[in-house]
Trainee: 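Here it is, the structure in full.
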Amino acid sequence: MTKTSSVRATRGAGIFSGFLAGGSGVLVGEGLARLLDVTGPVVAVGNRAVDLTPRPVKEWAIETFGSADKLILVGGVLVTVLLAICALGWIGAQNRRVALLGMTILVGLASAAMLVDPAQGAATVAVLLPVAGMVLVAVGGLAWLLFLLAPRATSESEGGLDRRLFLLAASSIAALGAAGGATRGVAGGATSPATVSLPLPADPAASVPAGVSFKIPGLTPHITSNPDFYRVDTALQVPRVTLDDYVLRITGMVDRPLELTYRDLLDRDLVERRVTLTCVSNEVGGDLLGNATWLGVHTRDLLAEAGVQDGADAVRSRSVDGFTAGTPLDVLTDDRDALIVVGMNGEPLPPEHGFPVRMVTPGLYGYVSATKWLTELEVTRFADFSAYWTERGYAEQAPIKLSSRIDVPGSFARLEPGTVTVAGVAWAQTVGIERVQVRAGDDGWQDAELGVEDSDQTWRAWRWVWKAEPGMHRLEVRATDRAGRVQTSRRERIAPDGSTGWHNVTVTVA
Ligand SMILES: Nc1nc2c(c(=O)[nH]1)N[C@H]1C(S)=C(S)[C@@H](COP(=O)(O)O)O[C@H]1N2
Ligand SMILES: [Mo]
């Protein structure tokens with residue numbers, strides 16, 4: 001072997017060593033974490049990455065990748081880690097100390113992410129085992145392999161590499177990694193919503209009035225099915241909750257702190273309401289909103305039972321995954337139907353939408369009012385805390401803005417001249433929609449026909465019949481609410497408190 005080819009071979013073996021030790025370390029950490037039912041290194045690092053991503057990048061990711069944003073983020077983190085461990089091995093073939101230091105820093109960061117992960121809850125001590133396993137295999141394994149790779153003074157073969165010993169070390173480390181990768185959780189303690197049967201509501205929702213919507217292909221149905229319901233949250237892994245352990249606590253500025261089990265909630269008089277939930281990240285024309293029939297108890301009843309003290313003006317809600325929201329107390333206690341929810345469209349909440357318990361508060365964007373996997377309502381003062389998204393630059397107060405959307409025709413549709421039905425939805429939760437107007441190009445605004453109102457807490461369908469003439473046309477919509485406010489044409493971004501502007505679609509008639 002020539003000098004350069006032996007250096008190249010050693011470098012190659014170095015890269016392999018970094019990959020093997022780093023990769024097996026992560027797998028061992030994952031395996032032990034699964035066994036102990038704590039958050040493993042991949043999700044913990046991903047969660048930190050979601051947390052630390054600057055807001056403009058986050059918005060760009062949501063806009064560009066939609067709900068695949070987090071998957072792409074985790075993929076990016078994995079690729080980066082893979083490159084880093086290979087690079088460390090490559091360096092290690094020349095400089096063992098630097099490589100080991102680098103690997104120690106890398107697994108140190110992953111360990112820190114695991115220790116601070118909010119989903120670890122009380123189980124922090126149990127995290128120490130997967131952390132130790134990961135560090136041992138990644139750093140110890142790399143040290144072992146690099147030691148065997150290092151040229152020795154007394155070597156009789158070229159480069160001094162004892163192939164047999166190196167292969168033995170490599171296969172032992174790979175075996176540990178494989179064992180980690182193959183480990184399945186034993187407990188699997190989380191409750192499946194399918195095992196729950198919900199009582200009938202004492203106060204059912206009024207039946208859906210005839211004529212709330214129109215039979216127009218492409219028009220959003222009045223009620224969004226659970227599988228079609230948009231999902232927005234910061235959780236990389238849907239939190240899985242065990243009902244036996246579940247309690248909802250009402251704490252803070254109250255006379256009688258409460259602890260309610262899931263059963264306690266089901267045993268109360270349940271109310272059922274249709275409410276259109278909306279995300280602050282909904283762009284003009286976007287689909288981050290949905291309308292469901294929610295089953296739960298009035299938030300105001302629980303707060304009254306706990307006895308809210310003078311001076312409080314907010315409720316800080318907490319989720320099992322560490323998410324928090326700040327909701328004005330008056331919104332939770334006035335006569336709108338703010339609910340602590342257990343059911344969605346006749347079923348227990350799906351895990352993605354907050355099983356077992358979430359908030360639904362009409363009129364406010366989700367990030368200040370709709371905490372999923374809810375564990376605590378702390379009665380407090382806005383002056384005394386800031387919530388997850390307010391810490392990241394979003395507004396403390398976030399009522400849903402009056403808005404409207406064209407569902408059909410779609411953008412860049414090609415249409416035949418003649419009669420075209422334009423249709424969509426408009427929403428102004430807790431105020432109600434009074435009027436929707438549409439215009440084509442520079443023609444004047446025309447009143448659309450409104451669907452029958454369900455309630456002021458839900459969106460409202462509209463349609464407008466257009467005599468389409470050949471050419472390119474821009475169709476535009478605006479709504480007016482029951483308070484007489486006309487939707488503003490001013491284009492605002494989603495941050496800090498929701499987008500504004502008129503939705504338009506451009507169509508070609510030919
Ligand atoms: N625990 C938790 N609850 C959460 C969130 C979250 O990130 N974590 N996101 C909120 C936001 S921004 C919105 S818009 C709604 C969305 O509820 P959905 O996913 O059921 O549509 O949930 C809210 N509740
Ligand atoms: Mo949201």
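The structure presented is a predicted model; accordingly, all values stated were derived computationally and were not measured. For ligands, and for the atoms within them, numbers begin at 1 and follow the listed sequence. The first residue of the sequence shown is numbered 1, and numbering continues consecutively from there.
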Trainee: Would you say ligand 1 has an N or O under 3.5 Å from any N or O of D233?
Mentor: no

Trainee: Apply the test salt bridge (Lys or Arg N to Asp or Glu O under 4.0 Å) to residues R490 and E492: give CA-CA distance (whole Å), side-chain angles for both, the deciding distance (0.1 Å), then the verdict.
Mentor: CA-CA 6 Å; R490 194 162 19 91; E492 300 267 24; 2.6 Å; yes

Trainee: Salt bridge check: are E476 and R478 linked by an N-O gap of less than 4.0 Å?
Mentor: no

Trainee: Purely on distance, is any nitrogen or oxygen of G366 under 3.5 Å from one on ligand 1?
Mentor: no

Trainee: Compute the shortest N/O to N/O distance between K372 and ligand 1 and return yes if it is under 3.5 Å, no if not.
Mentor: yes

Trainee: Counting non-hydrogen protein atoms only, what is the nearest one to atom 24 (N) of ligand 1? Give residue, atom name and distance.
Mentor: A370 O, 3.0 Å

Trainee: Please list, in number order, the atoms of ligand 1 under 4.0 Å from a heavy atom of T371.
Mentor: 3 (N), 24 (N)

Trainee: So, the side chain of N282 versus the backbone of L288: is there a donor-acceptor pair under 3.5 Å, distance only?
Mentor: yes

Trainee: Under 3.5 Å, side chain of R300 to main-chain N/O of R336, donor-acceptor pair present?
Mentor: yes

Trainee: Can you find a side-chain donor-acceptor pair between D321 and S319 that sits under 3.5 Å?
Mentor: yes

Trainee: If hydrogens are left out, which of G290, S319, S317 has an atom nearest to atom 1 (N) of ligand 1, that is, the closest non-hydrogen atom?
Mentor: S319

Trainee: Check each of F229, Y365, Y367, Y388 against atom 12 (S) of ligand 1 and report the one with the nearest heavy atom.
Mentor: Y367

Trainee: Just which atoms of ligand 1 are under 4.0 Å from any heavy atom in L277?
Mentor: 17 (O)

Trainee: Please list the nearest protein heavy atom to atom 9 (N) of ligand 1 with its residue and the distance rounded to 0.1 Å.
Mentor: V232 O, 3.2 Å

Trainee: For residues T458 and N291, is any side-chain donor paired with an opposing acceptor at under 3.5 Å?
Mentor: no

Trainee: Return the option from R358, R231, H353, R318 holding the heavy atom at the smallest distance from atom 15 (C) of ligand 1.
Mentor: R358

Trainee: With heavy atoms of C279 as the reference, note each atom of ligand 1 found under 4.0 Å away.
Mentor: 14 (S)

Trainee: Tell me whether the rings of W502 and W445 are parallel (<30°), tilted (30 to 60°) or perpendicular (>60°).
Mentor: perpendicular

Trainee: Closest by any non-hydrogen atom to atom 2 (C) of ligand 1: pick that one out of Y394, F323, Y230.
Mentor: F323

Trainee: Do T220 and R405 meet the criterion of a side-chain donor-acceptor pair at a distance under 3.5 Å?
Mentor: yes

Trainee: With no hydrogens and no angle check, is any side-chain donor or acceptor of T191 less than 3.5 Å from a backbone partner on L243?
Mentor: yes

Trainee: Does an N or O anywhere in V280 fall below 3.5 Å from an N or O of ligand 1?
Mentor: no

